[in-house]
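Side-chain atoms are counted along with the backbone in the values below, which use heavy atoms only and exclude waters and symmetry mates. Every chain is numbered from 1 and lettered A, B, ... according to where its sequence line falls, protein lines coming before strand lines.
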Amino acid sequence: MTIEEIENEIVEEFQMFDDEFSKYEYLVEVGKNLPLIDEKYKTTEYEITGCQSKVWLNAELIDGKVVYSADSAGIIPKGIVSLLLRMLSGQTPEAVVNADPISLFSKIGISELSMTRSNGLRSMAKQMKLYALAFQAKVNG
Amino acid sequence: MNTNTNIAPTANFDVEKIREDFPILQTTVHGRPLVYLDNGATAQKPLAVINSMVEYYKGYNSNVHRGVHYLSQKATDAHEAAREGVRAFINAEHTHEIIFTRGTTESINIVAHSFGKAFVNAGDEIIITAMEHHSNIVPWQMLCEERGAILRVIPINANGELILEEYDKLLNERTKLVALVHVSNTLGTVNPVNDIIAKAHVVGAAVLIDGAQSIQHMAVDVQAMDADFFVFSGHKLFGPTGIGVLYGKDKYLNAMPPYQGGGSMIKQVTLEKTTYNELPFKFEAGTPHVEGIIGLGAAIDYINAIGIDNIAAYEHELVAYAVEQLSTIEGLRFIGNAKERVSVLSFLAGDIHPYDIGVILDKLGIAVRTGHHCCQPIMDIFSIPGTVRASFAFYNTKAEVDALVAGLLKAKQMLS
């Protein structure tokens, strides 16, 4: 599936909830289901700065696709990073570089997430793109 | 808790009536009534404060201390009446010892800069504590680096209280200044400033008290305390942002060089040499924050009308109730259990990240602060990523405490 198709799928899922609090309850459930990251990646080297809860992110290039794994000390950031992973993990570096993953959050009705400096959504998306850029350079180089 | 146990809440303290004075308390957040428990970050403003600033701009906006015309005289009178209001509020000896600044942070920076230039040399020592806000750490680190001075730190115990035996050991004839917080913004601890100041004076050191979190909760008497400097912000005292106070004993302020050069702070300027104005103007270069000063004056008038002792007594009862109710939540632990504490409660619930709790409470209309509260050293001492902080003001109610407890139970159920 393309990033856009996955994004539409997530938007549909969140449409099942009509009030904001329920959307957050769902986001928490999504966060709880995020597969655990290998403990060796939970170091400052993999830490994303700008988040109030620590977030760790790793990326690998497997068969030309970027595969991300991530974890956070907080459940809501885990939910956020889970949705980012679902959209971007397994895509080509080019697709990730050209994507606008942050727009998802206003579409699912929890748009203020992208405004607050404390959750680091922008930092997460930026770091994911930086990994993709590096892989793109490597593939093209 | 609050030490003023000898004062009983007065019968005429009507919190519901007081809440009507604060328009923002009638608003809703995410479709729910606002429960504002982030007063340690900034306090809400009563109509009297808002109106005082509107009236200034509508009726007598003009520059102060300059014009001979009617409006300037009127603005200058209001401006200086506010200074006198601040003096009386903290019982300073002289009105000229009240310097208007941008806030607590700028007040501390002025002292670090100007006291530092006049009194701090290589090998001298400055003492702070492990519970300081970053704004009472960094200016001293910068000064020490610049002057070759040494920064010493009074440690804290597991309850979040200063270890005073260590303070006694740190004091010596090289100590030039002791800078500490009156009430911790993270732990709520009330420090025994009178004793700390008396001991510093024994070795001839000056003492700066950061009153950002005490001025709104208890009566402050800088003469009884014998503080050499006392600093606070207007916006945490129900006044506007961008205005603060530096109180300093005139013997120090007169001996300190100006912080900034410009208009107002001069007596005579020639292209060769400038002589500086007298206190307080020596430290107030440029056009001041007139509407902020008038707003701060109105805030102090408003507090005086209620009575700071009535406020302290009411908050004492409210915070005791909050501690009791929060303690019923399984797995909740307070960060900071000082015997002397006011109006700030920091806590964690099980191993749930404070950020998650803050987001869920927000969706329920409850505003708290989460994170390190600009006190990273405290977080390091307790080995925690941050806390949830509920900080109270005299317009908060027991019903709001109940809403906080219900919100925390809901968040716990969701997040565990």
Side-chain angles (χ1 to χ4, degrees), chain A residues 14 17-34 36-37 39 42-44 46-57 70-83 105-106 108-124, chain B residues 27-35 38 41 134 186 331 335 346-376 378-380 382-389 403-404 406-416:
Chain A
F14 274 85
F17 307 100
D18 46 13
D19 72 297
E20 199 189 12
F21 198 82
S22 311
K23 291 176 200 278
Y24 269 89
E25 284 183 307
Y26 184 60
L27 187 67
V28 164
E29 290 314 309
V30 168
K32 285 178 182 172
N33 294 329
L34 177 69
L36 295 179
I37 194 172
E39 282 297 317
K42 285 170 117 171
T43 62
T44 46
Y46 295 93
E47 198 177 309
I48 296 174
T49 53
C51 312
Q52 220 183 76
S53 333
K54 283 187 178 176
V55 174
W56 302 275
L57 177 74
D71 199 355
S72 173
I75 296 180
I76 291 167
K78 260 183 161 175
I80 296 169
V81 83
S82 289
L83 296 179
F105 293 87
S106 52
I108 61 177
I110 43 181
S111 57
E112 80 270 26
L113 270 179
S114 56
M115 318 275 204
T116 66
R117 60 179 179 174
S118 51
N119 69 61
L121 169 61
R122 279 177 195 284
S123 308
M124 293 182 207
Chain B
T27 58
T28 55
V29 169
H30 303 300
R32 293 159 202 264
L34 168 68
V35 176
D38 195 18
H134 295 163
T186 303
I335 306 300
S346 254
F347 54 85
L348 289 169
D351 55 4
I352 304 172
H353 199 283
Y355 169 80
D356 288 336
I357 293 178
V359 171
I360 299 305
L361 289 179
D362 171 59
K363 301 302 151 210
L364 297 167
I366 303 166
V368 294
R369 174 123 183 232
T370 65
H372 56 61
H373 319 299
C374 296
C375 289
Q376 287 178 3
I378 294 182
M379 302 303 129
D380 293 342
F382 288 97
S383 301
I384 51 177
T387 73
V388 181
R389 183 187 73 178
L404 172 66
L408 284 167
L409 289 172
K410 174 89 186 160
K412 247 189 88 186
Q413 175 216 333
M414 265 174 77
L415 298 164
S416 299

Q: So how far is it from A:Asp19 CG to B:Lys363 NZ, rounded to the nearest 0.5 Å?
A: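 Reported to 0.5 Å precision, the distance equals 11.5 Å.
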
Q: Taking the side chain as C-beta and beyond, is there a heavy-atom pair between B:Lys410 and A:Glu25 under 4.5 Å?
A: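 Answer yes - side chains close enough.
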
Q: Do you know which of B:Ile352, B:Thr370, B:Ile360 has the most heavy-atom pairs with chain A at a distance under 4.5 angstrom?
A: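 Answer, by heavy-atom pair count under 4.5 Å with chain A: B:Thr370.
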
Q: Considering only heavy atoms from C-beta outward, does the side chain of B:Asp356 approach that of A:Val28 to under 4.5 Å?
A: no

Q: Counting heavy atoms not belonging to A:Lys54, are there more than 12 under 6.0 Å from its NZ?
A: no

Q: Using a 6.0 Å cut-off, check whether atom CG of A:Asn33 has over 12 heavy atoms from anything other than its own residue.
A: yes

Q: Tell me, for B:Ile357 versus chain A, whether the close heavy atoms (under 4.5 Å) come from the side chain, the backbone, both or neither.
A: neither

